[in-house]
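Chain naming here is simple, since letters A, B, ... match the order of the sequence lines and numbering starts at 1 in each.
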Amino acid sequence: MNANDFPVTLDALAALCKRRGFIFQSSEIYGGINGFWDYGPMGCELKRNIREAWWKAMVRDRDDIVGLDASIIMHPRVWEASGHVGGFSDPMQSCRQCRRMFRADQVAEQLRESAWRRALTDAAATAGADGAVVWNPDAAARWLEKKGAALAPGLLARCREGERIETARLAALLAGFATPEGRPCPACGGELTPPRDFNLMFRTFIGALEDSAGQAYLRPETAQGIFANFLNVLDTARVKIPFGIAQIGKAFRNEINPRNYTFRSREFEQMELEYFIRPGTDAEMHAYWVEERMKWYRSIGLPEGRLSKYVYEPKELAHYASACTDVMYRFPFGTQELEGIAARGDFDLRRHQEYSGKAMEYFDPEKNERFVPHVVEPSAGVDRVALAALCEAYREEWVPKEAGGEPRTAVPGEPLPEGYEVRTVLRFAPVLAPIKAAVFPLLKNRPELVEKAKEVHALLRRRWPVFYDQTGAIGRRYRRQDEIGTPLGITIDFQTLDDGTVTVRDRDTMRQERAPIAELRDRVAAALGEA
RNA sequence: GCGGGUGUAGCUCAACGGUAGAGCUCCAGCCUUCCAAGCUGGCUGUACGGGUUCGAUUCCCGUCACCCGCUCCA
């Protein structure tokens, strides 16, 4: 079995993440809160490394992309323009009896298909002169007492008074079936709430009064902050098309059903680029960004074999989009999206132009023309990348008890071979590792070793996050670092005192080499791939 | 959102209608010349709220969270 196919269970990963301070459930001391997660000392370093790798690749290493950090709460009109409020999110009605949810515009159709509604029509309705349904309330009551009790419990509950059915009330309900306000639940005949805007945005209020005038939203995506600042950046950053604006930040979606550990959370962090292009170059630029982004995922240690692309069919695309490709990763719970790369045309800028009354145009001095740029949007989830990195890094291995043995990937279901023990290790790419190296004195009760180790620690920590540990046997300290994915272990032993060399132990091979302290920084940089 | 299951220490598990225990982890000390060694000591717990009871971790109800299936969803 290929090491990449080691079946990580989310349970095992979540246990390690908690044990070693990567991820905690939010508000755990109060019983937890569904859909929210906290990142501990190791987890926040991991996320920081992911963000910095992205920022470096997208902004620092390029001439054509600039950064932005927009506010989380924006003018409510932003979300009208974007389509997140209003027509885009369909009003919903829910049943007060069975609590099922229905799209308001589909209730009439679903009612025609409804089993209880058909049975009731057969039992108690005739067609009137003008084709309208004429109900016989007494027949309806008889039906409801027998067959209808199981088929339409919601309707029964609405017109029952003690043991008997209030025929007059039933008659009123039946009469209302034809009106939008009186439509019953297609599933049980219960009472539907009025249509309500049901969207995934968290609402809040600006100012002390909680009235509709102050209503605002936590952003459900960071992208709109970029579009809303398009003109500001254009006027100040001296950018020339094609150019991009990049942003990393929190976004919030009130998901119905968060699942799969941190994969779908209600509060999450996005890394988004809006890359503005000349109309007509959409397909070419979209293809370019798909490849750029795939390269980036490989550069942080996600292997080709676990990554894939999902190319949207034309019928799956939003009406304004010309292409969309998702970057997928094979998680333990299935192949899921890390990032979506969409060619959105000029939809967003045009909508903001329409809603704000400001011309969202780019002036091309060479061709002496104005146009609304099109945009390609690579939009990635920091938390999803972090989860993928953890899944990818997690290994259980068999290690020979005798010195100098090489670790082997454990074979699930097979017993531990004689003479081996288990180690859990996170094989992060060095760029993502929360701690780059750990420094140990071989023994803590020899002051000369401790003193030298602290010197080496001080030497390295100026450049990298480096951990110092003198507690417990040396083997135990190596294993602790394995569990947080520290690539290098540096040990000060008695030979160090004689010749100024230390041992450098590699996390993955568990092999050790000696290196002079004078060359240590270069050796560490080389081992981390920074040289 | 629906249905089913689960909830005891950081982890794995035990116990009982009457003072909640073990192993591992963690911390301290001793020891230890390179892969979770040993000895001694120590910290930590019945998810939350209510009810029944002389007494509830145990029985009942509610809430919350987690897991599985369905549903929904970029």
Side-chain angles (χ1 to χ4, degrees), chain A residues 9-12 14-21 24-36 40 89 92 94-95 98-103 187-188 198-200 220-221 223 251 253-261 263-264 266 268 270 310 312 316 318 321 324 326-328 333 336-342 377 379-381 384 397 399-407 420-425 440-446 449 470-483 489-498 502-507 509-512 514:
Chain A
T9 69
L10 270 194
D11 284 348
L16 177 128
C17 284
K18 184 175 183 198
R19 183 166 78 242
R20 291 300 179 188
F24 307 123
Q25 190 178 23
S26 173
S27 314
E28 191 184 320
I29 60 170
Y30 291 103
I33 178 168
N34 185 284
F36 298 91
S89 68
M92 305 290 286
S94 66
C95 174
C98 71
R99 300 192 168 276
R100 284 192 179 82
M101 305 267 302
F102 303 91
R103 267 176 58 177
C188 77
F198 191 86
N199 67 50
L200 297 180
E221 62 177 32
R253 288 183 199 170
N254 207 347
E255 300 285 353
I256 309 287
N257 190 359
R259 275 284 163 101
N260 290 331
Y261 200 29
F263 182 79
R264 179 175 290 132
R266 292 186 162 124
F268 57 100
Q270 293 185 306
Y310 178 80
Y312 282 53
E316 294 178 286
C324 187
D326 286 347
V327 178
M328 312 289 282
F333 47 86
Q336 298 279 353
E337 173 193 350
L338 293 177
E339 170 163 349
I341 302 154
E377 174 190 89
S379 168
R384 291 181 176 190
E397 295 180 337
V399 179
K401 285 180 179 168
E402 69 206 58
E406 294 275 319
Y420 282 76
E421 57 195 3
V422 173
R423 86 161 175 163
T424 303
V425 57
F440 314 119
L442 182 60
L443 300 173
K444 75 169 166 186
N445 60 356
R446 299 291 201 284
L449 292 180
Q470 60 177 35
T471 306
I474 188 71
R476 177 183 297 273
R477 283 178 267 163
Y478 286 142
R479 295 299 169 80
R480 277 199 283 247
Q481 294 303 313
D482 288 343
E483 284 209 339
I490 293 159
T491 301
I492 283 66
D493 59 13
F494 290 97
Q495 190 181 332
T496 310
L497 303 177
D498 292 337
V502 297
T503 67
V504 180
R505 179 256 196 190
D506 181 84
R507 175 194 69 200
T509 63
M510 298 173 70
R511 276 199 286 264
Q512 286 178 296
R514 293 206 78 89

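Classification of A:Glu421 and A:Lys401 as a salt-bridged pair fails, no side-chain N sitting under 4.0 Å from a carboxylate O.
Rounded to a whole Å, the OH atom of A:Tyr310 is 13 Å from the P atom of B:A74. The interatomic distance linking A:Asn260 (CG) with B:C73 (P) rounds to 17 Å, in whole Å. Remark: P of B:C66 and CZ of A:Phe36 are 11 Å apart, rounded to the nearest angstrom. Computed from coordinates, the A:Tyr261 OH to B:A65 P distance equals 17 Å when rounded to whole Å. A:Ile490 places its CD1 atom 16 Å from the C1' atom of B:C35, with the value rounded to the nearest Å. Whole-Å rounding puts the A:Arg19 CZ to B:U25 P distance at 12 Å. Atom CD in A:Glu377 sits roughly 11 Å away from atom C1' in B:A74 (whole-Å rounding). Between A:Glu406 atom CD and B:C35 atom P the separation is 14 Å, expressed in whole Å.
Within the 4.0 angstrom heavy-atom criterion, base atoms lie near A:Glu483. A:Tyr312 comes within 4.0 angstrom of a nucleotide base, judged by non-hydrogen atoms across all strands. In this structure, A:Arg479 reaches the bases: a heavy-atom distance under 4.0 Å links it to at least one base atom across the strands shown. Across all strands, A:Arg384 comes closer than 4.0 Å to no nucleic acid atom at all (heavy-atom distances).
If you take atom C1' in B:A15 and the same atom in B:G23, they sit 16 Å apart, rounded to whole Å. B:C68 and B:U25 have their C1' atoms separated by 29 Å, with the value rounded to a whole Å. Comparing the P positions of B:C48 and B:A9 gives an interatomic distance of 11 Å, to the nearest angstrom. The gap from the P atom of B:C43 to that of B:A36 amounts to 28 Å, rounded to the nearest Å. Spacing of C1' atoms, B:U40 relative to B:A47, comes out at 35 Å, to the nearest Å. B:C72 and B:A56 have their C1' atoms separated by 40 Å, given to the nearest Å. Comparing B:G29 with B:C67, their P atoms are spaced 40 Å from each other, to the whole Å. For the P atoms, the distance linking B:G55 with B:C16 amounts to 22 Å, nearest Å.
The base-pairing partner of B:C59, taking Watson-Crick or G-U wobble contacts with both distances under 3.5 Å, is B:G51. Across all strands shown, B:C70 forms a Watson-Crick or G-U wobble pair with B:G1, both key distances being under 3.5 Å. In this structure, B:U40 and B:A28 make a Watson-Crick or G-U wobble pair, each of the two defining distances being under 3.5 angstrom. Base pairing analysis places B:U8 opposite nothing; no Watson-Crick or G-U wobble pair with both distances below 3.5 Å involves it.
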B/S/- contact track for nucleotides 26-34 of chain B, protein heavy atom under 4.0 Å: SSSS-SBBB
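A donor-acceptor contact shorter than 3.5 Å is absent between the side chain of A:Arg253 and the backbone of A:Glu221.
In this structure, A:Met510 CE and A:Glu406 CD are separated by 9.0 Å, a value rounded to the nearest 0.5 Å. The structure places OG1 of A:Thr424 at 7.0 Å from CG of A:Leu16, a figure rounded to the nearest 0.5 Å. The CZ atom of A:Arg384 sits 8.0 Å away from the CG atom of A:Leu338 when rounded to the nearest 0.5 Å.
Applying the ring pair (Phe, Tyr, Trp, His ring centres under 6.0 Å) test to A:Phe36 and every residue at least two apart in sequence or in another chain returns nothing. Applying the ring pair (Phe, Tyr, Trp, His ring centres under 6.0 Å) rule to A:Tyr310 yields the partners A:Tyr312; only residues at least two apart in sequence or on another chain are considered. Applying the side-chain hydrogen bond (donor to acceptor under 3.5 Å, both in side chains) test to A:Arg514 and every residue at least two apart in sequence or in another chain returns A:Asp493, A:Gln495, A:Thr501. Listed by chain and residue number, nothing satisfies the side-chain hydrogen bond (donor to acceptor under 3.5 Å, both in side chains) test with A:Gln336 (two or more places apart in sequence, or in another chain).
Within 3.5 Å, no donor on the side chain of A:Gln481 pairs with an acceptor on the base of B:A36, nor the reverse. Between the side chain of A:Arg264 and the base of B:C73 there is at least one donor-acceptor pair of N/O atoms closer than 3.5 Å.
Heavy-atom distances to RNA chain B give each of A:Arg253 and A:Ala15 a nearest nucleotide, and the one nearer the 5′ end belongs to A:Ala15. Residues A:Asn34 and A:Lys18 each lie close to RNA chain B; by heavy-atom proximity, the contact nearer the 5' end of the strand is made by A:Lys18.
Paired with A:Asp482 under the rule salt bridge (Lys or Arg N to Asp or Glu O under 4.0 Å), one option of A:Arg505, A:Arg507, A:Arg477 passes, and it is A:Arg505.
Residues A:Arg446 and A:Pro441 are not in side-chain contact: their nearest non-hydrogen atoms beyond the backbone lie 4.5 Å or more apart.
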Could I get a table of every N or O pair under 3.5 Å where one atom is in the protein and the other is in nucleotides 40-49 of chain B?
none

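Of all the heavy atoms in A:Asn34 and A:Arg266, the pair that sits closest is O-NH1, 2.9 Å.
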